[in-house]
K.L.:
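Please find one structure pasted underneath; my questions will follow.
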Amino acid sequence: MADVKNILLVGVGGQGTILASQILSTGLVSAGYDVKMSEVHGMAQRGGSVTTQVRFGKQVHAPIIGKGQADVLVSFEIMETLRWLEFLKPDGKVVINNHKIPSVPILSGKREYPRGVIETISRKVDATVIDAGRIAEELGNPKTMNVILLGALVKAMGLTELEWRAAIKECVKPKFVEINLEAFKAGLSV
Amino acid sequence: MKQLMSGNEAIARGAYEAGVTMAAAYPGTPSTEILENMVEYKEHIYSEWSPNEKVAAEVAIGASIAGARSICAMKHVGVNVAADPIFTYAYLGVNGGFVLVSADDPSMHSSQNEQDNRYYAKFAKMALIEPSDSQECKDFLAEAYEVSERFDVPVLFRVTTRISHSKCIVELGERKEVGHKPYARNIPKFVATPAHAKIAHVKVEQKLKDMEQYANTSILNKIEENGSKIGIITAGIAYQYVKEVFGDQVSILKLGFTYPLPMDLIRYFASKHETLYIVEELEPFMEEQIKAAGIQCIGKALVPNIYELNPDIVAQSLLNEKTETKKVDVNVVPRPPVLCPGCPHRGFFYTMSKKKNTVVTSDIGCYTLGGMEPLNAMDTCICMGAGFSAGMGMAKAFEVSGRDNKVFGVLGDSTFFHSGITGAIDILYNKGKMVPVVLDNSITGMTGHQENPGTGKTLMGESTTQMDPTDIMKAVGFKVLVVDPCDLKAMDDAAEEAVKSEEPTAIVTKRPCVLIKGLPPFKNKCVVNRENCKKCKMCLKVGCPAVFFKDGTAYIEASMCVGCEVCKQVCKFNAIEKVGE
């Protein structure tokens, strides 16, 4: 299945990885690709580690990938990049949101947030670091971090020509369409 | 029309297209969205959240007997709850077509075990159909109703997390109105007395033989032949992984009708290939039967029976191919799920964590997180309802052994309606020395806010009688202490009073889930007063993700804090204040 591309989006419950994956899948479907998207619900909603996977190509069979198979890993949180890095292809790309969400063992002072994650990863793989949090605040809505990252992903994948405007309109509530279009544009231009 | 749909959405659509008019379920990951999406078709399908899976199955069975095509949906462990009516209905047979959807959870993404419910089909003697993607979820369901009505059997429609929660492109069809079958009283068929059951058992054995013949030519079972020496038999999501790894390089017998297995078809396929592999997720359900039929094959000797499969695992198992991966030498800190900031359960579990000689028997819900660090305020979590009844057993055992532990049996409001009431009756009837506690947060929380008998709303969005766990516990005969769990003093007083009380006493903690939209939030956020903070870390013990310790001092993350004041109450130095108060 050489023509199938695999994207792995990882983050923390509540960061909007599922919405980003939905917009991505919608755009890919309207461009004529076969698409499968997989997500896990349940416990993940309560601040745990979350992942969604999007696979597209001429014909996609499995909805999920194994280790060493992601073309792009989009990480909404720095430490989550580490947790899922082994799912990346050896020549795959990483898009990292420069944003830390300490987990409970760190908050309680029992463990330390790992240091130098971005530097370590950048030495090993092709990594793009994005300050989506800062950009989102500049846009006036911190929740748009997910769509900014989506923009950066679309750029990294060379998929800018697809109908993203329509995909965003289809997936987002009307009153949030404008801000998300802006966020997407900001992500594209990083 | 083509649409991107999850397996669960496609099952709802499939029910609509197949002319179903009745649907019942109890929420449970990964099955919940089936009924949530069924509501879209409410002009044609009556849907309900039943109080538990047994009730859902019985409602759907009743509808089937009345002549409707009916469906009930539940997670794998829900089928354990519903097993009693299902087993008998398999003997009796249907009137309108009847489908039970079991959504299994290999890898236990959100479950307490990873039981393989395909065995239920063999155990109960009903047909088993397994789709492998969303399109098949929709299309196979129509065939499931044909099988159900043609062979007079219930059909177990088995999906797994990766089918339920994966979105694929689905080509939609039109609804086929089938109407309701005529209903007439039929005592020998639908009254399961021993005399009738003896006849039914003979009949069901014949139905299984007939279905096996049918399965051999069923459109759900197909050979993808390419002349290879190797042949692979597979079903469900495992088919997609096999296709991913082997493409068109091997011959595949893809099974969608998997009980009774099409043994003639399998024998034919085996005869055409030198080596036969069985690739199935979890247990060797097909392999055992194929081997018992005298057909040589290789399955679980290579493919693991623990956790879910993926293309990588299938490739490693069958081809011994190792995938190259990237690793870095940095330790990742775990990220366990936590109770939300402002969660009403926090106050209760914090109170329990401070009490000596206390045993807390709990069960399934958001509140299971009370057993995680740093609260650690839990002894058991077994299944829905066991919070009360396992507590009863422990309390009785402690009475016999002379231990003086105080037992608190805990469950949530939806769980109380699900299977807590019978446990409460047992405690009172058999004089259990324990305190039953209902953590009433006015919603079914963990599965994502479904209505329940305590919310005053139905699945279809109608207003209905609102039942209150407090009233029910009083009606059972308990003295009930109602308390706001975010008021730690009141919470502690209630716990003490309940333990000391001479009369049977229950506690109901009453405060809505903080995630319910439209409810008035707490007033103002909390903030740490730097001058007063003695860095004692007491505030960290409540396990709130908004409270953290950095560079030797405590902080509260303003974007997360909702102002519930639980941390404020545990600070002995008045170092936590309300902003603007």
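Since this is a predicted model, take the numbers as computed values, not measurements. Here is the naming used below: chain letters follow the sequence lines, and residue numbers restart at 1 for every chain.
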K.L.:
Which residue out of A:Glu112, A:Met37, A:Lys124 racks up the most heavy-atom pairs below 4.5 Å with chain B?
P.N.:
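Option with the top pair count is A:Met37.
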K.L.:
B:Cys539 versus chain A, heavy atoms under 4.5 Å apart: side chain, backbone, both or neither?
P.N.:
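No part of B:Cys539 comes within 4.5 Å of chain A.
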K.L.:
Out of B:Ser132, B:Pro336, B:Pro334, which one racks up the most heavy-atom pairs below 4.5 Å with chain A?
P.N.:
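Max contact count across the listed options: B:Pro334.
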K.L.:
Considering only NZ, NE, NH1 and NH2 on the basic side and carboxylate oxygens on the acidic side, decide whether B:Glu324 and A:Lys67 come within less than 4.0 Å.
P.N.:
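Here B:Glu324 does not pair with A:Lys67 in a salt bridge, since their nearest N and O are not under 4.0 Å apart.
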K.L.:
Can we say A:Lys110 and B:Glu373 salt-bridge, meaning some charged N sits less than 4.0 Å from an Asp/Glu carboxylate O?
P.N.:
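Answer for the salt bridge query: yes.
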K.L.:
Supply the atom-to-atom distance B:Lys167 NZ to A:Ser21 OG, rounded to the nearest 0.5 angstrom.
P.N.:
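It comes to 10.0 Å.
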K.L.:
Heavy-atom count around B:Glu171 CD within 6.0 Å, excluding the residue itself: above 12?
P.N.:
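Count over threshold, so yes.
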K.L.:
Name the member of A:Gln22, A:Arg115, A:Arg123, A:Glu86 that forms the most heavy-atom pairs with chain B at distances under 4.5 Å.
P.N.:
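The candidate making the most pairs under 4.5 Å is A:Glu86.
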K.L.:
Apply side-chain contact (heavy atoms from CB on, under 4.5 Å) to A:Leu107 and B:Leu540, showing your working.
P.N.:
CA-CA 8 Å; A:Leu107 294 174; B:Leu540 297 177; 5.7 Å; no
K.L.:
Enumerate by number any residue of residues 97-106 of chain A whose heavy atoms lie under 4.5 Å from heavy atoms of chain B; in the absence of such residues, state 'none'.
P.N.:
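Under the 4.5 Å heavy-atom cut-off, A:Ile101, A:Pro102, A:Ser103, A:Val104, A:Pro105, A:Ile106 qualify.
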K.L.:
What do you reckon, is CD of B:Glu224 surrounded by more than 12 foreign heavy atoms closer than 6.0 Å?
P.N.:
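Counting other residues, nucleotides and ligands, CD of B:Glu224 exceeds 12 neighbours.
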K.L.:
Is the number of heavy atoms from other residues, nucleotides or ligands under 6.0 Å of B:Lys534 NZ greater than 12?
P.N.:
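It does: B:Lys534 NZ has more than 12 such atoms within range.
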K.L.:
Quick one: does A:Val29's side chain get under 4.5 Å of B:Ile169's, heavy atoms only?
P.N.:
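Touching, per the 4.5 Å side-chain cut-off.
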K.L.:
Quick check on the interface: out of B:Val328, B:Leu339, B:Leu309, who has the most heavy-atom pairs with chain A under 4.5 Å?
P.N.:
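The answer is B:Val328.
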K.L.:
What I'd like to find out is whether the side chain of A:Ile65 reaches to under 4.5 Å of the side chain of B:Asn310, using heavy atoms alone.
P.N.:
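No - every pair of side-chain heavy atoms lies 4.5 Å or more apart.
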K.L.:
Is it true that atom CZ of A:Arg165 has more than 12 heavy atoms of other residues, nucleotides or ligands lying nearer than 6.0 Å?
P.N.:
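Incorrect, the count does not exceed 12.
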K.L.:
Need one label for B:Ile163: side chain, backbone, both or neither, based on atoms under 4.5 Å from any heavy atom in chain A.
P.N.:
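Contact with chain A involves no heavy atom of B:Ile163 at all.
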K.L.:
Can you pull out the residues in residues 174-189 of chain A with any heavy atom less than 4.5 Å from chain B?
P.N.:
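The residues closer than 4.5 Å to chain B amount to none at all.
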K.L.:
Is it the case that the side chain of B:Glu244 and the backbone of A:Ala62 share a donor-acceptor pair, with hydrogens and angles ignored and the cut-off at 3.5 Å?
P.N.:
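Yes: the side chain of B:Glu244 pairs with the backbone of A:Ala62.
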K.L.:
Can you tell me how far CG of A:Leu82 sits from NZ of B:Lys326, rounded to the nearest 0.5 angstrom?
P.N.:
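It is 14.0 Å, given to the nearest 0.5 Å.
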K.L.:
Given heavy-atom pairs under 4.5 angstrom as the criterion, report whether the side chain, backbone, both or neither of A:Glu170 touches chain B.
P.N.:
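For A:Glu170, neither part sits under 4.5 Å from chain B.
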K.L.:
For atom NZ of B:Lys535, is the number of surrounding heavy atoms from other residues, nucleotides or ligands below 6.0 Å larger than 12?
P.N.:
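Enclosed: over 12 neighbouring heavy atoms sit under 6.0 Å from NZ of B:Lys535.
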K.L.:
Could you state the interatomic distance from CG (B:Leu4) to NZ (A:Lys36), rounded to the nearest 0.5 Å?
P.N.:
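So the CG of B:Leu4 and the NZ of A:Lys36 are separated by 11.0 Å.
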K.L.:
In terms of heavy-atom pairs under 4.5 Å with chain A, which of B:Gln240, B:Glu557, B:Arg335, B:Arg162 leads?
P.N.:
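Max contact count across the listed options: B:Arg335.
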K.L.:
Which bit of A:Tyr33 comes within less than 4.5 Å of chain B, counting heavy atoms only: side chain, backbone, both or neither?
P.N.:
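The backbone, not the side chain.
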K.L.:
For the atom pair SG (B:Cys168) and CZ (A:Arg55), what is the distance rounded to the nearest 0.5 Å?
P.N.:
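The CZ atom of A:Arg55 is 11.0 Å from SG of B:Cys168, to the nearest 0.5 Å.
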K.L.:
Sort B:Asp133 into side chain, backbone, both or neither according to what part of it lies under 4.5 angstrom from a heavy atom of chain A.
P.N.:
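For B:Asp133, the contact with chain A is made by the side chain alone.
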K.L.:
With a 4.5 Å cut-off on heavy-atom pairs, point out which of B:Cys343, B:Pro545, B:Ala554 contacts chain A the most.
P.N.:
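Among B:Cys343, B:Pro545, B:Ala554, the one with the most close pairs to chain A is B:Pro545.
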K.L.:
How long is the straight-line distance from OH of B:Tyr241 back to NE2 of A:His61, given to the nearest 0.5 Å?
P.N.:
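Result: 13.5 Å between the selected atoms.
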K.L.:
Is it true that a side-chain atom of A:Arg83 and a backbone atom of B:Val333 form a donor plus acceptor pair closer than 3.5 Å?
P.N.:
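Yes; at least one donor-acceptor contact below 3.5 Å.
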K.L.:
Is B:Thr323 in contact with chain A via its backbone, its side chain, both, or neither, using a 4.5 Å heavy-atom distance?
P.N.:
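Only the side chain of B:Thr323 comes within 4.5 Å of chain A.
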K.L.:
Taking side chain as everything from C-beta outward and backbone as N, CA, C, O, which of these in B:Val547 sits under 4.5 Å from a heavy atom of chain A? Side chain, backbone, both or neither.
P.N.:
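Just the backbone, heavy atoms under 4.5 Å.
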K.L.:
Please examine the side chains of A:Ile64 and B:Glu308, heavy atoms only from C-beta on, and report whether any two atoms are closer than 4.5 Å.
P.N.:
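Touching, per the 4.5 Å side-chain cut-off.
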